[in-house]
Amino acid sequence: MGKVDQSLIEPIGEVNLQSSKPDFSKWLKKVQWMLETLFIKKGVLLLMVGFLLGRALILAKLTPFSLPFFASVFLIKRDKAPLALIGLITGAITLSLANAAFTFIISFGFMLVFQISKRWLVNEMRTLPYLVGVLLGIGKLAEAFILSEQVTLYDGMMAGVQASLAFILTMIFLQSLPLLTFHKRRQLLKTEEIVCLIILLASILTGTIGWKVHGLSLEHIMSRYLVLVFSFIAGATIGSTVGVVTGLIFSLASVSNFYHMSLLAFSGVLGGLMKEGKKIGVSIGLFIATLLIGMYGEGGGSLKLTVLETTAAILLFLLTPQSLTSRLAKYIPGTPEYTAEQQKFMRKMRDVTAQRVSQFSNVFHALSNSFTQIDNEPMENESEREMDYFMSHVTERTCQTCFKKEQCWAKNFHTTYACMEEIIHEMDRNDGNISLKLTREWEKLCSRPKKVYETIGQELTFYQANQKLKKKVQESRKLVADQLQGVSEVMNNFAEEIQRERENYYKQEEQVMEALQGFGIHIENVEIYSLEPGNVDIEMAIPFCHGSGECEKLIAPMLSDIVGETIIVKHEECAKYSNGFCHAVFRSSKAYVVETGVAHAAKDGGLVSGDSHSTIELGFGKFAIAISDGMGNGERAHYESEETLLLLQKILQTGIEEKIAIKSVNSILSLRTTDEIFSTLDLAMIDLKNAAAKFLKIGSTPSFIKRGKKIIKISASNLPMGILQEFEVDVVSEQLKAGDLLIMMSDGVFEGPKHVENYDLWMKRKLLELETDDPQEVADLILEEVIRSRSDVIHDDMTVMAAKINHNTPKWASIPVQKMKRRA
C-alpha cells in the first residue's frame with residue numbers, strides 16, 4: 001500500500017524510474033517474438049535459404065543443392081514447400097534462365113514421381129535420398145541431351161557426380177532442416193546433427209559467392225564469422241571442423257578459394273585455443289591466422305584485402321549479442337552451457353523423484369497415524385459401556401419375563417446392578433464359579449438364579465471371544481502401523497539422499513593426481529565421489545601394473561595420508577593386456593572388523609539341520625550375526641529357520657530398524673500358516689564404527705562375551721517367532737571392545753551337556769578354559785565338548801557361531817605426501 005500512496009503523490013517519478021526497465025525488456029521480447037514468427041512460422045527463412053541455395057554452384061557448373069533442399073522441405077514442412085521453391089527459382093534466375101527452368105522442371109517432376117510412388121513406399125524418409133539422386137542424375141543427362149543432342153562420357157560422369165552429391169545432401173538436409181524450421185526445440189543436438197548443420201550453413205554461404213561490399217568478398221567475411229562463432233562457443237575441435245567443412249565446400253564451388261580452407265581451419269584451431277580470452281581472444285586467433293596464411297597465400301588477393309575482410313568478420317562477431325551465442329551453446333555437446341542444461345534437467349528429474357518419494361513417505365506416515373489413532377473416549381467409559389451391553393443381553397433373556405422385574409430394576413436398580421456386575425466379574429475370573437457368599441446374596445434378590453448363572457456363562461463365552469478378537473485386531477493395527485512407519489522413514493531418508501547433489505571435486509582430483517604423479521606413480525584418471533569423513537569414495541584408472549599390487553601397497557597408503565583417514569582397496573579389476581588400464585575403487589576403512597567362525601551338526605549326524613545361521617554385512621557400516629532354530633528337526637524345521645533369516649536379511653538391507661524388521665518377520669510367520677511351526681532368532685548387530693552391539697533374542701538361548709578372564713552373559717526373555725502376532729522385542733545393548741570374543745549358540749548346544757544342572761556355569765567354565773581366541777577353533781571346541789558330554793551322541797541340531805572383534809589395522813602404513821585441502 002505504501003507504493004500505491006507514493007505513486008499517487010509522485011506519479012511522474014514513479015513511472016519513469018520503475019517502469020522503464022520492464023518496458024525495455026518487454027519490447028525486446030516482443031521484437032524477438034515478431035522475428036521468430038516472421039522467419040520461422042511464416043517461412044521467410046526458408047525463402048532466403050532457398051534463394052542462396054538456388055544460386056549455389058559446385059565446380060562452377062553443378063547445382064546439386066536445389067532438389068535436395070526442396071525435397072527435404074516437401075517431406076518435413078510441406079506447407080512451406082511453395083516458399084522454398086520460389087526462393088530456389090529466384091536464386092537460379094540470378095545464374096541463368098536455363099537454371100531456373102531446370103530447377104522448376106526437376107522440382108515438379110519430383111512431386112509427380114513422389115506422389116505416384118508414395119503408395120509403394122514403406123519408409124519415405126529412407127527412400128527419399130535415392131529418389132532425389134536418381135531424378136537429378138536423369139535430369140542432368142536429359143539436359144545435356146536437349147542442349148547438344150548427344151550424351152558424352154563427360155556428361156555421364158558429371159551426372160553421376162551430381163546424383164551422388166544430391167544423395168548425400170538430401171540425407172544432410174533431412175537432419176539439419178528441422179533445426180531451422182521448428183519454432184521451439186528442446187532436444188540437445190547430436191554430433192551428427194552439428195556436422196549436418198555446419199554443412200548446411202556452408203552450402204548456404206556458397207550462394208553469396210561473387211557478392212562484394214566495397215570490394216570485400218561477402219563469402220569470405222561470413223565464412224570467417226561462422227568460424228569465429230563456433231570457435232567461441234565450442235572450442236578448437238568444433239571450430240576447426242567448421243573451418244575445414246566450410247573451406248572445402250567453398251573450394252569445391254570455386255577452385256580459387258582453395259587456400260581459404262587452410263585459413264579457416266587454422267583460424268578455427270587458434271580461435272578455439274584462445275577461447276579463454278573470450279571474444280577478444282578468439283578474434284586475435286583469427287587475425288594471427290589471417291596474417292600467417294595471407295603472407296604466402298596470394299590466391300585470394302592481396303594481404304591488405306584479406307586483413308580488411310577479417311576485420312569486418314571480427315567487427316560483426318563483436319557485435320553479436322551474448323544471448324545468441326549462449327542460446328546456441330546450449331545445444332552443442334562439450335560446452336559449459338550444454339553441461340549446465342543437462343545438469344538442470346537431471347536436477348529437475350532428481351527433485352521430481354525426491355518429491356514423489358517424499359509424497360509416498362507422507363502417505364505411509366499418514367496411514368501409520370490412522371492405524372495408531374485410538375478413540376478419544378477414556379477406557380473407563382468403554383468398559384462401562386461394554387458392561388451395560390453385557391447386562392442388557394443377560395436381562396433380555398432372563399429378567400424381561402420375570403414377575404419381579406419391576407421390583408429388581410425399578411425399585412432396587414443399584415443393588416441389583418452392583419450384585420450382577422460382581423457375579424459377572426467373579427465368573428470371568430474363576431472360570432464360571434461363584435463364591436457361596438455371593439450366591440446367597442443373589443438368591444435373596446433373584447427368583448431365577450440358576451437361569452441367570454447359565455445365561456451369564458453363555459454370554460461370557462461370546463464376550464471373551466470378542467475380547468480376544470478385539471485384542472488381536474488392536475495388535476495387528478499396531479504392527480501394521482509400525483511397519484508403515486518404518487517404510488515411511490526409509491522412504492524419507494531415501495528422498496533426502498536423492499536431494500543431496502554430488503559435489504564436484506575437480507580441484508581435489510587434480511591435487512590427488514599431482515601428488516601421486518609427483519611420487520612417481522602414473523595415474524590415468526581420478527574420480528572423487530565423496531570426501532565425507534568415514535565415507536570416502538575414490539575411483540582410479542591406472543596403467544597395467546603387472547600384478548604388483550601397487551594399489552594396496554602404495555596408492556591406498558598415500559591416499560590415507562592425503563585425506564587423513566585409513567583408506568583401503570574395496571575393489572580392484574586388473575587389465576587383461578599390457579596396454580590396458582587397471583580400475584580400482586578406494587573406500588574408507590571401518591574402525592573395527594569382525595572375524596567369524598561357525599560349527600554345526602544335525603541331529604543323529606543327519607544331513608539336514610533345523611538350525612540356520614548367517615552373517616550379513618549391511619550397507620551402513622553394520623555387521624549382523626544371526627542364528628535361527630526351527631521347531632523340531634529335519635527339512636521342515638530347516639525351511640522355517642532359513643526362511644526366517646532370509647526374510648530378516650531382506651528387510652534389514654532396506655534400512656528398516658531392527659525391532660520393526662523382527663516384528664515384520666514375526667507377523668509374516670504367524671499369519672502365513674496355521675501349522676504349529678515356530679522358529680527362534682538370535683541376532684547380534686555390531687556397528688563397525690564404534691563396536692556398539694545390539695542383541696535381539698526371540699526365544700533363543702543366552703550368548704556370551706569373553707573379555708580376557710571375564711565372561712559376560714547376554715540374555716532376554718521372548719517367545720519364539722510365529723506364536724504371538726504382537727510381542728515386545730527386548731533389546732540388550734553392550735559396548736564391545738577390541739579383542740572381545742562373542743559366542744552365540746542354539747539350544748542344542750546350550751542345553752546339550754548331559755548331567756548338568758546349571759548350563760550357564762558349565763558354559764562359562766568351558767569358555768574360561770579355552771586357550772585359543774581363534775573364532776573357528778572356539779566354535780569347533782565348544783561343539784566337540786557338548787557332543788563328548790553326550791557320549792558322542794548328537795541328540796539335537798547344534799550350531800555355534802563365534803566372532804572376534806578387532807581393530808581394523810591396515811596392512812600398510814600411510815605414506816606421507818603433501819596433504820590436500822578438503823572441501824568444506
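Residues: numbered from 1 along the sequence shown.
- Within the model, atoms NE2 of H414 and SG of C419 stand 15.0 Å from one another, a figure rounded to the nearest 0.5 Å.
- Ring orientation note: the planes of Y759 and F750 are tilted relative to one another, at an angle of 30° to 60°.
- Note that the CD atom of E643 and the NE2 atom of H638 stand 10.5 Å from one another [nearest 0.5 Å].
- Considering CD of E734 and NZ of K694, their distance stands at 14.0 Å, rounded to 0.5 Å.
- Considering all non-hydrogen atoms of both residues, P775 and A802 come closest at O-CB, 3.4 Å.
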Would I805 and K737 count as a side-chain contact (heavy atoms from CB on, under 4.5 Å) here? Give the steps.
CA-CA 7 Å; I805 315 300; K737 297 181 179 179; over 6 Å; no
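- Side-chain contact check for V786 versus M798: some heavy-atom pair is nearer than 4.5 Å.
- Taking the side chain as every heavy atom from C-beta outward, L683 and F695 never approach each other to under 4.5 Å.
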Checking I743 against M763 for the side-chain contact (heavy atoms from CB on, under 4.5 Å) test, could you report, in this order, the C-alpha distance in whole Å, the side-chain angles of both residues, the deciding distance, and whether it holds?
CA-CA 10 Å; I743 298 96; M763 188 59 67; 5.8 Å; no
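- D537 is linked by a salt bridge (charged side-chain N to carboxylate O under 4.0 Å, His left out) to R587, counting only residues two or more places apart in sequence or in another chain.
- With values rounded to the nearest 0.5 angstrom, S789 atom OG is found 9.0 Å from H755 atom NE2.
- Taking every heavy atom of both residues into account, L761 and N758 meet most closely at N-OD1, 3.1 Å.
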May I have the step-by-step check of side-chain contact (heavy atoms from CB on, under 4.5 Å) for V452 and T398, ending in yes or no?
CA-CA 6 Å; V452 171; T398 56; 4.2 Å; yes
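- Residue L646 holds its CG atom at 9.0 Å from OG of S614, rounded to the nearest 0.5 Å.
- Using a cut-off of 4.0 Å between Lys/Arg side-chain N and Asp/Glu carboxylate O, E784 and R788 are scored as salt-bridged.
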Only pairs under 3.5 Å count here: list side-chain donor-acceptor contacts from residues 703-713, not counting sequence neighbours, and write none if there are none.
{"from": "S703", "atom 1": "OG", "to": "D682", "atom 2": "OD2", "distance (Å)": "3.2"}
{"from": "S703", "atom 1": "OG", "to": "K697", "atom 2": "NZ", "distance (Å)": "2.5"}
{"from": "K706", "atom 1": "NZ", "to": "L767", "atom 2": "O", "distance (Å)": "3.0"}
{"from": "K706", "atom 1": "NZ", "to": "L770", "atom 2": "O", "distance (Å)": "3.3"}
{"from": "R707", "atom 1": "NE", "to": "D740", "atom 2": "OD1", "distance (Å)": "3.0"}
{"from": "R707", "atom 1": "NE", "to": "D740", "atom 2": "OD2", "distance (Å)": "3.1"}
{"from": "R707", "atom 1": "NH2", "to": "Q735", "atom 2": "O", "distance (Å)": "3.0"}
{"from": "R707", "atom 1": "NH2", "to": "D740", "atom 2": "OD2", "distance (Å)": "2.8"}
{"from": "K713", "atom 1": "NZ", "to": "D760", "atom 2": "OD2", "distance (Å)": "2.3"}

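- Here the side chain of Q776 pairs a donor or acceptor atom with the backbone of V598 at under 3.5 angstrom.
- Residues passing the ring pair (Phe, Tyr, Trp, His ring centres under 6.0 Å) test with H795: none are found, sequence neighbours excluded.
- Two residues are said to be in side-chain contact when any heavy atoms from C-beta on lie closer than 4.5 Å; M685 and F623 fail this criterion.
- Rounding to the nearest 0.5 Å gives a distance of 6.0 Å between CE of M801 and CD1 of I625.
- Comment: K804 does not engage E595 in a salt bridge, judged by the lack of any side-chain N to carboxylate O separation of less than 4.0 angstrom.
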Show the numbers, then the answer: is there a side-chain contact (heavy atoms from CB on, under 4.5 Å) between S641 and D629?
CA-CA 6 Å; S641 60; D629 181 6; 5.9 Å; no
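- Side chain of T701 to backbone of M745: a donor-acceptor contact under 3.5 angstrom is found.
- No donor-acceptor pair under 3.5 Å is formed between the side chain of T455 and the backbone N or O of V394.
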Show, in sequence, the C-alpha distance, side-chain angles and deciding distance for K450 and E454, and conclude whether the salt bridge (charged side-chain N to carboxylate O under 4.0 Å, His left out) test is met.
CA-CA 6 Å; K450 290 185 179 179; E454 290 175 4; over 6 Å; no
